[in-house]
There are 2 protein chains.
Amino acid sequence: MARGVDPVSDRPVYKQIADELRRRIETGRIAPGERLPSESALVAEFGVAHGTIRQAIQLLRSEGLAVAEHGRGVFVRNRPPIRRLAHDRFSRKHREAGKAAYLAEAERENAQPRVDVYFVGPETADTDVAQRLKIRKGSKVLARRRRYLSDGEPTELATSFIPWDLAKGTPMTEINPGPGGVYARIEDAGRRLGRFTEEVSARMPTPDEARALRLAAGTPVLTLVRVAYDVEDQPVEMCDTVMSAEHFVLNYELPAD
Amino acid sequence: MARGVDPVSDRPVYKQIADELRRRIETGRIAPGERLPSESALVAEFGVAHGTIRQAIQLLRSEGLAVAEHGRGVFVRNRPPIRRLAHDRFSRKHREAGKAAYLAEAERENAQPRVDVYFVGPETADTDVAQRLKIRKGSKVLARRRRYLSDGEPTELATSFIPWDLAKGTPMTEINPGPGGVYARIEDAGRRLGRFTEEVSARMPTPDEARALRLAAGTPVLTLVRVAYDVEDQPVEMCDTVMSAEHFVLNYELPAD
DNA sequence: CAGTGGTCTAGACCACGAC
DNA sequence: TCGTGGTCTAGACCACTGT
């Protein structure tokens, strides 16, 4: 054993090696974006087996400190710039200016926005959707499944559900719902919006989500379920969102009374 | 190779085994809380090496589907009941009823609340704290570091910072700040609260956080930074919170205007 | 092509929990 | 004590990236 690892310590060797590499990253000795020594170099340096080095690197990857690229090397993760969702994201003034929320946001961030629309069409409401929209399970709803990208990098998967009676025959059923987005069309249909509720949580992504968001292993997702209510407090839309946690900080404001 | 795994497939064997086990979990063939077959049983069943089985199980653990207990076995994770933070968490009516936010919450959940106070005393503001409290970096602040538990299970780590001029000589500097909590004492000091902002994000825990919250490997944390402002919009407190993501759903309400 | 990370084997020994 | 998961070795071969 060459340097830094104590084979008789209680702490497993692979964790000691991870500690040492983590130290190098945190002190900037290996800067963000730089490559770690290759596995074989680390085998030589620490005098351990290939598998042990891989365990150490696996640990750093699960901590989100490093990303491996097959055939190229293991690199120190450079944290991408963070997007901030303001609490006025759904303010009427943006809708009236003809901007959907994500466009208003992208403009503020000077990022190139893109939306991949996966599916727009009728589906039947499952238990969760039905409960939140206060309709019967199995009722027809309009589903809009899409992926948002910023400067080409996927940031967010979103699915909206709108009661079919409200959506049918309107531009909501089109790929592009027009200026101001779906919320503007809901107001066009005479349902003035009153409030939104949002439920935020976090978890590890499913394999599908990790692929669609191009997430590195060990990156969690933020999940957000938003329900829009009209001024009579009837739910008119719900939106289920899965976000790459690294790209987002969600901002909220609460009154003290 | 016994069943289910195709050694010539593109998909690595360990992933195929993880797929098969995931299927058993998702279909309920192995119910939440139940034990998976032991590693040696799986070695026999799939006809692969020990290390390959461990890779498969590692994958399930990183997805949060299974937890390993040394010497006992690997168990299907049973999702714990979820706590919900209402948006009226900091309403004046709770404060006036003499309840700190977490107590009002625990009461609603019928859970046994506990707080471990790690430290209460003066510290100097770092860049982030100073910026949010609009004070000079290095200024003296009161820090209150604590851990919240619900029915004995740790759920949340929180650190509050209060400008020293506001806190000194008040019960805020005591372990127990009295009925209604720190926010009630801030109002006692003549700074009526006007609003709160909250910033929510998610990430993987540091090793320290994982230990203090007794997190299973592969469980992310929600982080929340709250700043309290008085009616003159001066910041009076900030609170940095790290929560076990499994235990929390954060609820917010947004106006449409 | 050489060098990188990714998968897999066969075996050894250790540490923990329950009986 | 026995069965469980955890660590580690030494070596093989594969898949991807760059030149």
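In what follows, every chain begins at residue 1, and chains take the letters A, B, ... in the order their sequences are listed.
- At dG3(D), none of the side-chain N or O atoms of Ser38(B) fall inside 4.0 Å of OP1 or OP2 (strictly under the cut-off).
- Between Thr52(B) and dC8(C) there is no side-chain N or O to OP1 or OP2 distance below 4.0 Å.
- Ionic pairing of Glu39(B) and Arg54(B) is present here: one or more N-O contacts between side-chain nitrogen and carboxylate oxygen are shorter than 4.0 angstrom.
- The side chain of Val13(A) lies closest to dC8(D), out of dG5(C), dC8(D), dG5(D).
- For dT4(C), one of the phosphate oxygens OP1 or OP2 lies less than 4.0 angstrom from a side-chain nitrogen or oxygen of Ser40(A).
- Under 4.0 Å is where a charged nitrogen must lie from a carboxylate oxygen, and between Asp128(B) and Arg132(B) at least one such pair does.
- In this structure, Glu39(A) atom CD and dT7(C) atom C1' are separated by 11 Å, rounded to whole Å.
- Checked for salt-bridge contact, Glu156(B) and Arg146(B) miss the test: no charged N lies under 4.0 Å from a carboxylate O.
- One interatomic measurement links the two molecules: CD of Gln16(A) to C1' of dC8(D), which rounds to 13 Å at whole-angstrom precision.
- No side-chain N or O of Tyr252(B) forms a donor-acceptor pair with one of Glu199(A) less than 3.5 Å apart.
- Contact annotation: Arg72(A) side-chain N/O to dG18(D) OP1/OP2 distance is under 4.0 Å.
- Taking atom CD1 on Ile53(A) and atom P on dG5(C), their separation rounds to 11 Å, with Å as the unit.
- A straight line from CD of Glu69(B) to P of dG6(D) spans 10 Å, rounded to a whole angstrom.
- Note on Glu123(B) versus Arg145(B): salt bridge recorded, some NZ/NE/NH1/NH2 to OD/OE distance being below 4.0 Å.
- If you take OH of Tyr14(B) and P of dT9(C), they are 13 Å apart, rounded to a whole angstrom.
- When the P atom of dC8(C) is taken as reference, atom CD of Gln55(A) falls 16 Å away, rounded to whole Å.
- When each of His50(B) and Arg35(B) is assigned the nucleotide of DNA chain D bearing its nearest heavy atom, the one mapping closer to the 5' terminus is Arg35(B).
- Look at Arg54(A) and you won't find any side-chain N or O under 4.0 angstrom from OP1 or OP2 of dG5(C).
- In terms of position on DNA chain C, the residue among Ala49(B) and Ala68(A) whose nearest nucleotide sits closer to the 5' end is Ala68(A).
- Whole-Å rounding puts the Phe75(A) CZ to dT17(D) P distance at 12 Å.
- One finds a side-chain N or O of Arg61(B) lying less than 4.0 angstrom from the OP1 or OP2 phosphate oxygen of dG6(D).
- In this structure, Phe46(B) atom CZ and dT9(C) atom P are separated by 13 Å, rounded to whole Å.
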